[in-house]
Amino acid sequence: MAEDRYYITTPIYYVNDKPHIGHAYTTLACDVIARFMRLDGRQVHFLTGTDEHGQKVEKSAKAAGVEPKAFTDQVSQNFRDLVKVMNFSVDDFIRTTELRHIKASQAIWDALVKSGDIYLGSYAGWYAVRDEAFYAESELVESPPGRKVAPTGAPVEWVEEPSYFFKLSAWQDRLLKFYEDNPQFILPASRRNEVLSFVKGGLNDLSISRTSFKWGVPVPGDDKHIMYVWLDALTNYITAVGYPDTDAPLFKKFWPADLHMVGKDILRFHAVLWPAFLMSAGIAPPKRVFAHGWWTNEGQKISKSLGNVIDPLELVRTYGLDQTRYFLMREVPFGNDGDFARKAMIGRINAELANGLGNLAQRSLSFINKNADGKVPQPGALTDADQAMLGAARGLLAKMRASIALQELHKALADWMDVVVQANQYIDAQAPWTLKKTDPKRMETVLYVLAEVLRQLGALIQPFMPDSAAKLLDQLGVPEKDRVFANLGEAGALKPGAALPAPEGIFPRFVDPSEAAPPKSPPKAAKR
RNA sequence: GGCGGGGUAGCUCAGGGGUAGAGCAGGGGAAUCAUAAUCCCUUGGUCGGGGGUUCAAAUCCCUCCCCCGCUACCA
């Protein structure tokens, strides 16, 4: 029996960025899981938000001539807009500049102090003014020989500033034990290995305060310091459920979180620092951190300097919302890096959505509309073929549930697609258009089976493509309240005789504008 | 350099001692309910190179070549 609650989070996004495909991808994966869990009967808390502190924000605000808070009010809106456009079903949107978060951050700080894991020391290192960054001794390069500079070529100087430290070094063994006791804390497994070897290599204490700028959460009792951004940022996950009030209803219900979804670039902060902070503060660590991969654009690494950043809003405009959601979840084994190729996108839309599910629904439903009086057909005795078809559709939930539990989102879609293909094979093999003339009763049975299969397919695709799934279920006359997974299988089977609305297309083919009307004879350049 | 993962059909990848697989692409055919969508059949690979163990190796061992990830404090 599955637990009836589920807490899932995205990272909080750094407001200095414009939302790009990476942000959309992370939150989309969470949205799919959150929707799946809700439909599967769980109470879900789905959190996203924005990280609004740090030196870069302070600088950007200054450059824009406004106070940091006014600046972040403005830019964090971009991320709230993304939530709307992508149809993300978030339950809470947290901002690190909110009072509740500042209180929570200071509270966890106090808890770390109380546990004896914080001490005052000084942070020293090679600092490059030009890069505004510290570099490790090992990162420095000699150029020209004898003179050490940053890998970026910037000159460095040795600087020291007072800083509070977290005794991370003391947590190595406890972290390793934690990983060992919770083998699925880090997924995919390959990432787990990386983290393990990193921790086994030894941990240094971590500088967790700064004095060089002001835009952050003040360290309790020492206003000259602000908290290190990562300690501040990670704390959002408990802020949102009521910390420091560990008796708060949300906290008691939802902590520890079931899943922190993150990009592979920030895995370590979540898989090493965060559990150490939490355990030190006497709070249970989350159950899982999943690190997903990155996208390339037509085989090219994405970067601002290359100018090939993918704008999710643009994708939605061009290909449609559900098509975009489907492609991102379907194209790549979740966890791996993937390539966004226009050709692949169009291929998926047309082959799987338009020709696969769309056409299956259209041919089935319009046949019912024309030949079964526009009502749910009356099934007779089921043949082996019928039962095999129904069995495949009704067995889908269990398969998809198993995949979603391990964040194998692509696998859930592959299993779903298998049933779409099987249904197209079924309709061809049963040929209701022939049965219409030879055995109308049998035809009704076949059509009923098809309608039932479509109902399962529609319900199960809701987490991935909410709007399109709703259209399909509308056409099957399934009331909104009956679209939860508890109604899959025989429990919520369609009632023969129920009137069905006239069907209409769900997924149009994507016609590539650049190929739509090829010129008959390419105009030859006039030579003269 | 160290640790880890990988190199299998044109493309993306699954398989992991016993007659080489899937999807897409390519070729042929059937059907005409449907968004000209669908279905069936099919071409195609000495499984990175070399060596070894074995009755038998894509699969185990050795070695070489190539690719990718991680190797601490920028979100």
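Letters A, B, ... mirror the listed sequences (proteins, then strands); counts begin at 1. Because the structure is a prediction, the values reported are computed rather than measured.
Looking only at atom types and distance, the side chain of Gln422(A) has no donor-acceptor partner in the side chain of Asp418(A) under 3.5 Å away.
With sequence neighbours left out, Phe79(A) forms a ring pair (Phe, Tyr, Trp, His ring centres under 6.0 Å) with Tyr13(A), His23(A). Partners of Lys304(A) under the salt bridge (charged side-chain N to carboxylate O under 4.0 Å, His left out) rule, at least two apart in sequence or in another chain, are Asp17(A). Contacts of Arg174(A) classified as side chain to side chain contact (heavy atoms under 4.5 Å, CB included), with partners at least two apart in sequence or in another chain: Ala170(A), Trp171(A). For Val332(A), the side chain to side chain contact (heavy atoms under 4.5 Å, CB included) partners are Trp295(A), Asn336(A), not counting sequence neighbours. Under the salt bridge (charged side-chain N to carboxylate O under 4.0 Å, His left out) criterion, Arg210(A) pairs with no residue, sequence neighbours left out. The side-chain hydrogen bond (donor to acceptor under 3.5 Å, both in side chains) search around Asp322(A) returns Ser468(A), not counting sequence neighbours. Evaluation of the side chain to side chain contact (heavy atoms under 4.5 Å, CB included) rule for Val449(A) yields Leu382(A), Asp386(A), Met389(A), Leu390(A), Tyr426(A), Val453(A) as partners, not counting sequence neighbours. Scored by the ring pair (Phe, Tyr, Trp, His ring centres under 6.0 Å) test, His101(A) finds no partners at all (sequence neighbours excluded).
No contact: Asp339(A) has no heavy atom under 4.0 Å from any strand.
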Between protein and nucleic acid, restricted to nucleotides 38-40 of chain B and to nitrogen or oxygen atoms under 3.5 Å apart, what atom pairs and distances do you find?
residue, atom, partner, partner atom, Å
rU38(B), O2', Arg363(A), NH1, 3.1
rU38(B), O2', Asp428(A), OD2, 2.2
rC39(B), O4', Asp428(A), OD2, 2.9
rC40(B), OP1, Gln425(A), NE2, 3.1

Residues 427-434 of chain A side chain polar contacts: donor-acceptor under 3.5 Å, at least two apart:
residue, atom, partner, partner atom, Å
Gln430(A), OE1, Arg442(A), NH2, 3.0

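If you take atom P in rA72(B) and the same atom in rU63(B), they sit 28 Å apart, rounded to whole Å.
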Inset, instruction - Would you sketch RNA chain B in dot-bracket for me? Only Watson-Crick or G-U wobble pairs with both distances under 3.5 Å count, crossing pairs as [ ], other-strand pairs as |, the rest as dots. - result: ((((((((.[[[[.)..(..]]]].(((((.......))))).....[[[[[..)....]]]]])))))))....
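For the segment residues 368-379 of chain A, residues with any heavy atom less than 4.0 angstrom from an atom of RNA chain B are, sorted by number, Lys370(A).
An aromatic stacking contact links Trp433(A) with the base of rC33(B), defined here by ring centres under 5.5 Å apart and ring planes under 30° from parallel.
Remark: P of rC33(B) and CG of Leu435(A) are 13 Å apart, rounded to the nearest angstrom.
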